[in-house]
K.L.:
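Could you have a look at this structure, given as structure tokens, before my questions?
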Amino acid sequence: MKQELEQAITKAAKDLFALDVRLELTRPDEQFGDYATNVALQLGKQLNKNPREIADAIAKELTGLSLLEKSEVAGPGFINLTLSDHALAGTVQVETDIATGEYADQSVVLEYSDPNPFKVLHAGHLYQTIFGEAVANLLVRAGAVVHRVNFGGDVGLHVGKTMWAIVQDLGGESPEKLATMPKAERSEWMAKCYVKGTNAYEEDDASKQQIIDLNKRIYQIVSDGEHDSPLAQIYWTCRQWSYDYFDEFYASVGTHFERYYPESETAPLGIEAVKEQLQKGVYQESDGAVVFKGEPYGLHTRVFINSHGLPTYEAKDVGLTLAKWRDYHFDRTIIITGNDIIEYMKVVLKSIEQFEPELVARTTHVTHGQVKLRGGVKMSSRKGNFLRAVDVLDMVAEASQETTGERNNDVVLGAIKYAFLKQRIGPDIIFDPKESVAIEGNSGPYLQYAHARARSILAKAVEHKKTAELADLTADERSLLRKITEYSEVVQKATADLMPHHICTYLYELAQKFNQFYEHNRVIGDDRETERLRLVDLYASTLKSGLVLLGIAAPERL
RNA sequence: GCACCCGUAGCUCAGCUGGAUAGAGCGUUGGCUUGCGGAGCCAAAGGUCGUAGGUUCGAAUCCUGUCGGGUGUACCA
């Protein structure tokens, strides 16, 4: 419908003025109609004519179109278009055909969350997981085959620190003692060990040296794939505990990763590639390290292999890109990370571009800010005084209990997800647990309730025809229908921008529009019950579709 | 120092590939109320879009300067 209109206008402009225009129909203020275009203003400049005259001519040319109720010229030369009720109803599109979506048949590797084994999941991981899942849903709806992957450091200094404290706690390298650790306490215990190891590393030189030595042994264990020594047994067991803990957490928030890429796997690939490209001059030796000089590209220099011959994160990321390519031959890969590594990532990608330009061309780096609590608590995982993912879940569950008197998991998760997703991705976000569970205002629970309420209306109806013709609408009915028709365009924009918050904004507006309608119009028992039930049904389905895209449950009842 | 990001109502945010009077929630003030789930609806107050220029018929949106805040800047991740 929209396309038909666009073609008609483009044709009119061409017939009248012999010019091709780049046309985009926008959604104007409701008072102006269903669609609007500013082509006349663009043409006015090119033709050096009064834009209003051009607009008048085009509007007149369009009057014959059957799908149009009217076309009017307003302001400096906007052409405002109002569809017939029938045509408007025809534009409703709640579910899309994924076979014809923008990502049809494309393979997309989506990397997000990226926690480190041997460390705890913090609020940022929760945010990123929720955001990543929403993006995944958008891509799937657009036709993509999405591969959710996760990257993390199973070797490195943080592992050395945690392992050092683990060995201390066990009273030596005694893997048999791990068997006595109850499952429920494992992740908590490891988190404590990380804090203990970090503090020892900073405060005591002897401990620091022990940690460094231990770390070297762990590198060796991993690169040899050695599973027999006591230390190796402890390492592999605890590493698995970490992954178990991640899986369990992801399941609880509704995500599942199909693959973990441990650094130990990507590091060798990275080193190999960097060394090979060192020969070809992409990378250079400098002070005993292997670096990529970013300055010619307006970037900075970074170390890929340090002077001890060990890979840094940079080399591991090179390896990761190659590993993802090896495994998926993706059409596109999207990496979601915090915004503190924007410049870092530019350097890494620029270096890869020198020898695998196609992979970089298919890569998108999306970044987000920190999660901050209202009032401001800074998060640093070094000392352990930071906001963990479970802390957020607990706070919201508690706030929800206070507000509603119960702990409904759908509501708690819906509140958190919506609170995170409703803000544009990029800057830091300020999270307020109380506001997130608020039953009024722009919140997840509000929308869940709005949906349940609409469903209850439908359940109460004796029968409702899903095919009821929507014509001769009242002003209120039409206004609601008009809002519903915007849904598919909003989803498209959210997908193109990789910004789910557009959907949040829309869903809230939609719910408000419905409440306005519902306040003044009886549904059941009214002369127009058939049409109105159809509208309520479309509204509820749209709300549900949107919430599900965001990863938020839309229960029939609350 | 250099690079990148952010600065919109008291608070939290939309709006940013330029377009018609700058929108919403919370909070504040007032109204609706035996309702098809009122977790709602209506209304009011509240903004030099950090600031100064520039481009344009038109700038919160693009460009430049400037102020304020944040992040990054060689062997951490």
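Hydrogens, waters and symmetry mates play no part in the numbers below; they use all other heavy atoms, side chains included. Letters A, B, ... mirror the listed sequences (proteins, then strands); counts begin at 1.
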K.L.:
At less than 3.5 Å, do the side-chain atoms of Ser286(A) and the base atoms of A74(B) form a donor-acceptor pair?
P.N.:
yes
K.L.:
Would you say the ring centroid of Tyr446(A) lies under 6.0 angstrom from that of Tyr508(A)?
P.N.:
yes
K.L.:
Assign a letter to each nucleotide of nucleotides 27-36 of chain B from its 5' end: B, base within under 4.0 Å of a protein heavy atom; S, sugar-phosphate only; -, no contact.
P.N.:
---------B
K.L.:
The side chain of Tyr446(A) lies closest to which of these nucleotides: A20(B), C41(B), A77(B)?
P.N.:
C41(B)
K.L.:
Using a cut-off of 4.0 Å on non-hydrogen atoms, how would the nucleic acid contact of Asn306(A) be classed: base, sugar-phosphate, or nothing?
P.N.:
base
K.L.:
Take atom CD of Glu486(A) and atom C1' of A14(B), then tell me their distance rounded to the nearest Å.
P.N.:
14 Å
K.L.:
Establish, with yes or no, whether the OP1 or OP2 oxygen of C42(B) is under 4.0 angstrom from a side-chain nitrogen or oxygen of Gln516(A).
P.N.:
yes
K.L.:
I'd like a table of atom pairs between the protein and nucleotides 8-13 of chain B - only N or O on both sides, under 3.5 Å - with the distance next to each one.
P.N.:
from	atom 1	to	atom 2	distance (Å)
C11(B)	O2'	Arg374(A)	NH2	2.3
C13(B)	OP1	Gln423(A)	OE1	3.4
C13(B)	OP1	Ile430(A)	N	3.3
C13(B)	O5'	Gln423(A)	OE1	3.2

K.L.:
Please enumerate all residues that pass side chain to side chain contact (heavy atoms under 4.5 Å, CB included) together with Ser307(A), with sequence neighbours excluded.
P.N.:
none
K.L.:
Checking Gln42(A) now: which residues fulfil side chain to side chain contact (heavy atoms under 4.5 Å, CB included) with it, not counting sequence neighbours?
P.N.:
Asn38(A)
K.L.:
Roughly how many Å apart are A20(B) and G65(B), using the P atom of each and rounding to a whole number?
P.N.:
28 Å
K.L.:
To the nearest angstrom, how far is Asn515(A) atom CG from G37(B) atom P?
P.N.:
13 Å
K.L.:
Tell me what Ala438(A) touches on the nucleic acid: a base, only sugar-phosphate, or nothing, going by heavy atoms under 4.0 Å.
P.N.:
nothing
K.L.:
Can you name the residues that form a ring pair (Phe, Tyr, Trp, His ring centres under 6.0 Å) with Phe17(A), not counting sequence neighbours?
P.N.:
none
K.L.:
Do Asn80(A) and A20(B) share a donor-acceptor pair, side chain to base, under 3.5 Å?
P.N.:
yes
K.L.:
If the plane angle is over 60° it's perpendicular, under 30° parallel, otherwise tilted; pick one for Tyr283(A) and Phe304(A).
P.N.:
tilted
K.L.:
Would you kindly check if the NZ (Lys) or CZ (Arg) of Arg27(A) is within the cone defined by 45 degrees around the ring axis of Tyr35(A) and under 6.0 Å from the six-membered ring centre?
P.N.:
yes
K.L.:
RNA chain B: Gly153(A) or Gln31(A), which has the more 5' nearest nucleotide?
P.N.:
Gln31(A)
K.L.:
Is the Tyr487(A)-Tyr539(A) ring centre distance short of 6.0 angstrom?
P.N.:
no
K.L.:
For U66(B) versus G23(B), give the span between their P atoms, rounded off to a whole number of Å.
P.N.:
33 Å
K.L.:
Pick base, sugar-phosphate or nothing for Leu299(A), based on heavy-atom distances below 4.0 Å to the nucleic acid.
P.N.:
nothing
K.L.:
Partners of Asn150(A) by side-chain hydrogen bond (donor to acceptor under 3.5 Å, both in side chains), sequence neighbours excluded?
P.N.:
Tyr250(A)
K.L.:
Looking for any heavy atom pair under 4.0 Å, which part of the strands does Pro28(A) touch: base, sugar-phosphate only, or nothing?
P.N.:
base
K.L.:
May I ask you to evaluate whether Tyr313(A) reaches the phosphate of A77(B), defined as a side-chain N or O under 4.0 Å from OP1 or OP2?
P.N.:
no
K.L.:
Are Arg534(A) and Glu531(A) close enough, and set up right, to give a salt bridge (Lys or Arg N to Asp or Glu O under 4.0 Å), and what steps lead you there?
P.N.:
CA-CA 5 Å; Arg534(A) 174 90 183 106; Glu531(A) 290 87 349; over 6 Å; no
K.L.:
Roughly how far apart, to the nearest Å, are G72(B) and G25(B) at atom C1'?
P.N.:
34 Å
K.L.:
Taking atom C1' of U73(B) as reference, at what distance in whole Å does atom NZ of Lys346(A) sit?
P.N.:
12 Å
K.L.:
In whole angstrom, give the distance that lies between atom CD of Glu295(A) and atom C1' of G1(B).
P.N.:
14 Å
K.L.:
Mind listing the closest non-hydrogen atom pair of Pro555(A) and Leu558(A) along with its distance?
P.N.:
CG-CD2, 3.9 Å
K.L.:
Could you list the residues that satisfy side-chain hydrogen bond (donor to acceptor under 3.5 Å, both in side chains) with Asp497(A), not counting sequence neighbours?
P.N.:
Lys493(A)
K.L.:
Mind checking if Ala36(A) touches a base, just sugar-phosphate, or nothing, with heavy atoms under 4.0 Å?
P.N.:
base
K.L.:
So what does Leu310(A) hit on the nucleic acid, given a heavy-atom distance under 4.0 Å: a base, only sugar-phosphate, or nothing?
P.N.:
nothing
K.L.:
When the nearest nucleotide of RNA chain B is assigned to His158(A) and to Val303(A) on a heavy-atom basis, which residue is associated with the more 5' position?
P.N.:
Val303(A)
K.L.:
Tell me whether the rings of Phe246(A) and Tyr243(A) are parallel (<30°), tilted (30 to 60°) or perpendicular (>60°).
P.N.:
perpendicular
K.L.:
Could you run down the sub-3.5 Å N/O contacts of the protein with nucleotides 54-60 of chain B?
P.N.:
none

K.L.:
For Glu285(A) and C75(B), give me the distance from atom CD to atom C1', rounded to whole Å.
P.N.:
13 Å
K.L.:
Identify, residue by residue, the members of residues 496-506 of chain A with a heavy atom below 4.0 Å from RNA chain B, and return them in order of residue number, or none.
P.N.:
His501(A), His502(A), Thr505(A)
K.L.:
Pick base, sugar-phosphate or nothing for Asp287(A), based on heavy-atom distances below 4.0 Å to the nucleic acid.
P.N.:
base
K.L.:
Consider the side chain of Asp340(A), meaning its heavy atoms from C-beta on, and name the nucleotide among G37(B), U71(B), A20(B) that approaches it most closely.
P.N.:
U71(B)
K.L.:
Work out how far the C1' atom of C2(B) is from that of A45(B), and round it to whole angstrom.
P.N.:
47 Å
K.L.:
Identify whether any heavy atom of Tyr508(A) sits under 4.0 Å from a base atom; if not, whether one sits that close to sugar-phosphate; answer base, sugar-phosphate or nothing.
P.N.:
sugar-phosphate
K.L.:
Over all strands shown, is Glu509(A) touching base, sugar-phosphate only, or nothing at heavy-atom distances under 4.0 angstrom?
P.N.:
nothing
K.L.:
Atom CD1 of Ile342(A) to atom C1' of G70(B): distance rounded to whole Å?
P.N.:
12 Å
K.L.:
With pairs taken as Watson-Crick or G-U wobble and both distances under 3.5 angstrom, which stems of at least three consecutive pairs involve RNA chain B?
P.N.:
B:1-7 with B:67-73, B:10-13 with B:23-26, B:28-32 with B:40-44, B:50-54 with B:62-66
K.L.:
Any base atoms under 4.0 Å from Gln284(A), or only sugar-phosphate, or nothing? Heavy atoms, all strands.
P.N.:
nothing
K.L.:
Considering only atom P, compute the distance from U12(B) to C67(B) and round it to an integer number of Å.
P.N.:
25 Å
K.L.:
For Arg482(A), what residues pass the salt bridge (Lys or Arg N to Asp or Glu O under 4.0 Å) criterion, not counting sequence neighbours?
P.N.:
Asp34(A), Glu486(A)
K.L.:
If I take atom CG in residue Leu543(A) and atom P in nucleotide A39(B), what distance separates them, rounded to the nearest angstrom?
P.N.:
17 Å
K.L.:
Can you check whether Gln512(A) has a side-chain N or O nearer than 4.0 Å to OP1 or OP2 of G25(B)?
P.N.:
yes
K.L.:
Taking ring pair (Phe, Tyr, Trp, His ring centres under 6.0 Å) as the definition, give me every residue that meets it alongside His368(A), ordered by chain and number, with sequence neighbours left out.
P.N.:
Tyr127(A)
K.L.:
With sugar-phosphate meaning primed atoms plus P, OP1 and OP2, does Phe78(A) contact a base, only sugar-phosphate, or nothing at under 4.0 Å between heavy atoms?
P.N.:
base
K.L.:
Given atom CG of Asn339(A) and atom C1' of G69(B), what is their separation to the nearest angstrom?
P.N.:
14 Å
K.L.:
Name the one of Asp527(A), Asp476(A), Asp526(A) that satisfies salt bridge (Lys or Arg N to Asp or Glu O under 4.0 Å) with Arg532(A)?
P.N.:
Asp526(A)
